[in-house]
Enquirer: 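Got a structure for you, questions after.
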Amino acid sequence: MTAPSDRHITIIGAGLAGALLATLLVRRGWQVDVYEKRGDPRVQGYAGGRSINLALAERGRHALRLAGADDAVMQQAVMMRGRMVHFADGRTDLQRYGRDDSEVIWSVHRGELNVILLGIAEAAGARVHFHRGLSGVDFDGHVATFRDDRDGSLHQARFGSLIGADGAGSALRHAMAARAELGERTESLGHSYKELEIPPADDGAFRIEPNALHIWPRGRYMCIALPNDERTFTVTLFLPNEGDPSFASIRTGAEAHALFARDFADALPLIPRLEHDFEHNPTGLLATLYLDRWHLGGAAVLLGDAAHAMVPFHGQGMNCAFEDCVALADHLDRAPDCESAFAAFQAERLPNARAIQQMALENYLEMRDRVDDDDYLLQRALERLLAERHPGRYVPRYSMVSFMRVPYAVAFERGQVQRALLGELTAGHASLDTLDWSHVDRRVLETLSMLDEAGP
Ligand code: FAD
Ligand code: E1W
C-alpha cells in the first residue's frame with residue numbers, strides 16, 4: 001500500500017471525464033492515481049458497449065484545449081453543420097445549427113477519444129491502473145478496495161480523497177450512499193436505444209451527407225445517425241420500452257426490418273446488417289439521475305455521469321462532464337482543502353447539471369415530434385430573424401448550450417423567456433409577413449438584456 005501525500009488525489013474511472021481530469025490535475029502539480037475497471041483500450045481494443053460516437057461541442061472543446069488534447073481529437077472529428085431531417089415521406093431538410101461554419105458541432109469516436117485522453121494523461125504523469133474496479137471503500141481507514149476482473153483478486157490502496165468519474169452505475173456513489181443520504185433518484189425515460197451501422201459505399205465514400213447529424217423523427221420514436229471518420233455512420237434507434245412499436249413488440253431482426261421498411265424506408269437500404277446489429281448489439285437504457293449531494297466531506301466527490309447522468313438528446317453529457325472537470329480542477333486549486341473545494345464545486349455545478357438534464361429531456365420531445373410541426377417551424381423561423389436582428393441579445397437556446405459557455409442554468413432561464421416571447425409574437429399569425437417589426441423589436445429590447453457571458 002502506498003501512502004497518500006498532501007496534493008495527491010485518487011480518481012475512480014479512466015473514461016472520458018476521469019482521463020481528462022487526471023491531465024488537468026497533474027498539470028497543476030497534483031499526484032494522480034486513476035483506477036479503471038476495464039483493460040487498457042490501447043492494448044485490447046476499445047470495448048465500449050455504448051454509443052460509438054458522440055457530438056463534441058464548444059464546452060467540451062474548451063476543456064480539451066485546456067488539457068492540450070483539442071488538436072489530436074480534432075484530427076479525427078467530423079464536422080456536423082446541422083441536422084438533416086428525414087421526413088416520413090422521404091423528403092429531407094438540412095437545418096443549420098448556427099450562423100456559419102464557426103457554429104458547428106463535431107462527431108468524435110468514443111474509443112479514439114478515450115485513447116487520446118489516456119495517452120495525454122499518462123504522458124503528463126498520471127498513473128493509470130487498469131483492471132481495477134472499485135469494489136468497496138473504508139472511509140474511516142481511508143482504504144479503497146479494487147477487484148481485478150481477470151482473476152477476481154482484490155487489491156487495496158490508501159487514499160486521501162476520491163473522485164468518482166466511474167459513470168452512471170458509479171461504484172463510488174454506491175459506497176458513499178451507504179455512509180450518507182445523497183438524495184438519489186433515478187427517473188427512467190421509458191425508452192431505450194439500439195445502435196446500428198451504415199457502412200461506407202462500395203467506392204469507399206460516405207453513403208449519406210457526412211457533415212450533418214441525421215434525424216428521422218417519427219412521433220413517439222426516432223432514429224439518428226452520426227458520421228465516423230472511417231466513412232461509416234452509427235445509427236441509434238430510440239424506441240419506447242412498451243407499446244407498439246417498442247422494444248417489447250420488436251424483438252427479432254426480422255421485426256426490426258419490417259419497422260424500418262414501414263417507418264424508416266430511406267434508411268433501410270443503408271444498413272445491410274440491420275437484422276444482425278439489432279439482434280447482437282445490447283439495448284441501452286435511458287434515465288436521468290438526480291442527487292442532492294455530490295460529496296462526502298473532503299473524502300469523496302462525484303462528477304460526470306456518476307453525479308448527474310442525463311438522457312442523450314442534447315448531446316451534452318460528455319460536454320458537461322468535461323466542464324465539470326475544469327470546474328473541479330479550478331476549485332481544488334483555489335480552495336484551502338478538499339472539503340471546501342468539493343462543496344464549492346457542488347454549489348457551482350449542481351444547478352447547471354439540473355438545467356442541462358431538463359433541457360436534454362425537453363429536446364427529446366422537440367426532436368421526436370415537433371421538427372415537422374407548423375407552429376414550431378414558424379417560431380423557429382422567427383427565432384432565426386431575431387437572432388440576426390439582435391445579436392448577443394436574442395441568442396437561441398441551442399446556441400447558448402452548444403456554441404457558448406454561458407452556464408447551463410442561464411441558458412435554461414433565458415430560453416424560457418425567449419420561448420414565451422416567440423409564443424406571444426407569433427400568436428394569431430400564420431406567417432412572419434404579418435408581423436409588426438417595430439413592435440417585435442421593442443418587445444425583444446424590453447424582455448432580454450445583452451448576454452454578457454464569455455462566448456466562444
Ligand atoms: P463514462 O464515460 O461512462 O466513464 C466511466 C468510466 O469508469 C468507464 O471507463 C468505466 O469502465 C469506469 N468504471 C465503471 N465502474 C468502475 C468501477 N467500479 N471502478 C473503476 N472504474 C469504473 N454526450 C455528449 O456530450 N454528446 C453526445 O453526442 C452523446 N451521445 C450519447 C449517446 C448515448 C446513446 C448515450 C447513452 C450517451 C451519450 N452521451 C453523449 C453522454 C456521454 O456518453 C456521457 O455523458 C459520458 O460518457 C460521461 O463520461 P464519464 O466519464 O462521466 O462516464
Ligand atoms: C446535438 C444522441 C444525440 C446527440 C446529439 C443530439 C441529439 C438530438 C441526439 C441535439 C440536436 C448533438 N443533438 N440535434 N439537432 N437538434 N438537436 O446537437 O448531439 Cl439524439
Side-chain angles (χ1 to χ4, degrees), residues 11-21 34-39 41 46-57 59-60 80 82-85 95-97 104-108 110 113-114 117-118 128-137 144-147 149 162 164-175 192-195 212-215 217 222-226 234 236-238 284-287 302-325 356 359-360 362-364 366-368 370-371 397-398 401-403:
I11 299 177
I12 310 301
L16 300 179
L20 182 83
L21 181 63
V34 191
Y35 293 87
E36 166 59 43
K37 179 160 81 175
R38 294 190 238 178
Y46 187 74
R50 296 191 309 166
S51 74
I52 315 295
N53 51 27
L54 301 140
L56 173 67
R59 292 168 202 270
M80 298 188 291
R83 52 163 104 123
M84 180 75 82
V85 180
Q95 303 169 352
R96 260 193 177 276
Y97 284 134
V104 297
I105 56 174
W106 301 86
S107 179
V108 294
R110 183 190 288 272
L113 176 59
N114 207 354
L117 293 176
L118 283 170
V128 187
H129 312 268
F130 294 99
H131 295 292
R132 291 288 179 272
L134 183 74
S135 63
V137 183
T145 302
F146 301 93
R147 188 176 175 279
D149 60 341
L162 296 174
D166 50 349
S170 173
L172 179 55
R173 189 179 71 235
H174 291 300
S192 300
Y193 68 93
K194 183 82 88 176
E195 286 159 354
L213 188 157
H214 295 261
I215 305 185
M222 69 172 189
C223 275
I224 62 161
L226 272 71
T234 305
T236 310
L237 167 66
F238 295 96
L285 295 169
L286 299 172
L302 302 169
L303 53 64
D305 278 12
H308 51 65
M310 63 191 75
V311 297
F313 305 109
H314 219 307
Q316 286 287 319
M318 163 190 65
N319 288 282
C320 178
F322 284 175
E323 207 172 50
D324 285 352
C325 294
I356 186 60
M359 291 191 282
E362 289 176 7
N363 218 43
Y364 187 37
E366 184 168 322
M367 293 290 83
R368 282 182 351 185
R370 292 205 66 203
V371 289
R397 186 172 93 174
Y398 184 89
V401 169
S402 302
F403 309 135

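Bear in mind the structure is a predicted one, so any value in this text is a computation, not a measurement. Whatever order the structure lists them in is the order used to number ligands and atoms, beginning at 1.
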Enquirer: Provide the closest heavy-atom pair for Leu16 versus Phe322 in the form atom of the first, atom of the second, distance.
Expert: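 Closest heavy-atom pair between Leu16 and Phe322: O-CE2, 3.4 Å.
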Enquirer: Considering non-hydrogen atoms of the protein only, which is the closest contact for atom 16 (N) of ligand 2, and what is the distance?
Expert: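 Protein heavy atom at minimum distance: Arg83 NE, 3.0 Å.
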Enquirer: Hey, looking at atom 4 (C) of ligand 2, which of Gly315, Ala360, Ala57 has the closest heavy atom?
Expert: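 When every heavy atom of Gly315, Ala360, Ala57 is considered, Gly315 comes closest to atom 4 (C) of ligand 2.
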Enquirer: Hey, is Met310 one of the residues with a heavy atom under 4.0 angstrom from ligand 1?
Expert: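 False for this residue.
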Enquirer: Where do Ala55 and Met80 come nearest, in terms of heavy atoms and distance?
Expert: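 It is CB-CE, 3.9 Å.
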Enquirer: So, Glu366 and Arg397, do they make that salt bridge, N to O below 4.0 Å?
Expert: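 No.
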Enquirer: Using a 4.0 Å heavy-atom cut-off, say whether Leu213 meets ligand 2 through its side chain, its backbone, both or neither.
Expert: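 Side chain only.
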Enquirer: Looking at ligand 1, would Gly284 count as a contact under a 4.0 Å heavy-atom criterion?
Expert: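 Gly284: no contact with ligand 1 (<4.0 Å).
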Enquirer: Should one rank Glu36, Lys194, His131, Met318 by closest heavy-atom distance to atom 25 (O) of ligand 1, which comes out on top?
Expert: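 Ranked by closest heavy atom to atom 25 (O) of ligand 1, first place is Met318.
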Enquirer: Kindly state whether the ring of Phe313 and the ring of Phe238 have centres lying under 6.0 angstrom apart.
Expert: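 Ring centroids of Phe313 and Phe238 are less than 6.0 Å from each other.
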Enquirer: Between His314 and Tyr398, is the ring centroid distance below 6.0 Å?
Expert: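 Yes; Tyr398 has its ring centre under 6.0 Å from that of His314.
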Enquirer: What is the nearest protein non-hydrogen atom to atom 14 (N) of ligand 2, stated with its residue, atom name and distance?
Expert: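 Protein heavy atom with the smallest distance to atom 14 (N) of ligand 2: Tyr97 OH, 2.9 Å.
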Enquirer: Indicate, as side chain, backbone, both or neither, the part of Met222 found under 4.0 angstrom from ligand 2 when only non-hydrogen atoms are considered.
Expert: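 Side chain only.
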Enquirer: Out of Ala225, Gly317, Pro312, Cys223, who is nearest to atom 3 (C) of ligand 2 when you count heavy atoms only?
Expert: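 Ranked by closest heavy atom to atom 3 (C) of ligand 2, first place is Pro312.
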Enquirer: Backbone, side chain, both or neither: what part of Asn363 comes under 4.0 angstrom of ligand 2, heavy atoms only?
Expert: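 For Asn363, the contact with ligand 2 is made by the side chain alone.
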Enquirer: Please determine whether any non-hydrogen atom of Glu195 lies less than 4.0 Å from an atom of ligand 1.
Expert: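 So Glu195 does not count as touching ligand 1.
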Enquirer: Among Tyr398, Tyr193, Phe313, which one puts a heavy atom closest to atom 1 (C) of ligand 2?
Expert: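 Of the listed residues, Tyr398 has the closest heavy atom.
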Enquirer: Ligand 2 and Ser402, any nitrogen or oxygen pair closer than 3.5 angstrom?
Expert: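 Among all N and O atoms of Ser402, none is under 3.5 Å from an N or O of ligand 2.
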Enquirer: When only distance counts, is Arg38 in polar contact with ligand 1, meaning an N/O pair under 3.5 Å?
Expert: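 Arg38 vs ligand 1: N/O contact under 3.5 Å present.
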Enquirer: Backbone, side chain, both or neither: what part of Leu54 comes under 4.0 angstrom of ligand 2, heavy atoms only?
Expert: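 Near ligand 2, Leu54 shows nothing, with every heavy atom at 4.0 Å or more.
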Enquirer: So if I count the atoms of ligand 1 from 1 in the order they appear, which ones are less than 4.0 Å from some heavy atom of Gly15?
Expert: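 Every atom of ligand 1 under 4.0 Å from some heavy atom of Gly15: 4 (O), 6 (C), 9 (O).
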Enquirer: Evaluate Pro312 for polar contact with ligand 1, using N/O atom pairs at a separation under 3.5 Å.
Expert: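 So ligand 1 has no N or O lying under 3.5 Å from an N or O of Pro312.
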Enquirer: Taking both backbone and side-chain atoms of Gly315, is any N or O found less than 3.5 Å from an N or O belonging to ligand 1?
Expert: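 Yes, at least one N or O pair falls under 3.5 Å.
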Enquirer: Report the part of Asn319 (side chain from C-beta onward, or backbone N, CA, C, O) that has a heavy atom under 4.0 Å from ligand 1; answer both or neither where that applies.
Expert: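 The answer is both.
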Enquirer: Which is closest to atom 19 (O) of ligand 2 by heavy-atom distance: Ala55, Pro217, Ala212?
Expert: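 Looking at heavy atoms only, the winner is Ala55.
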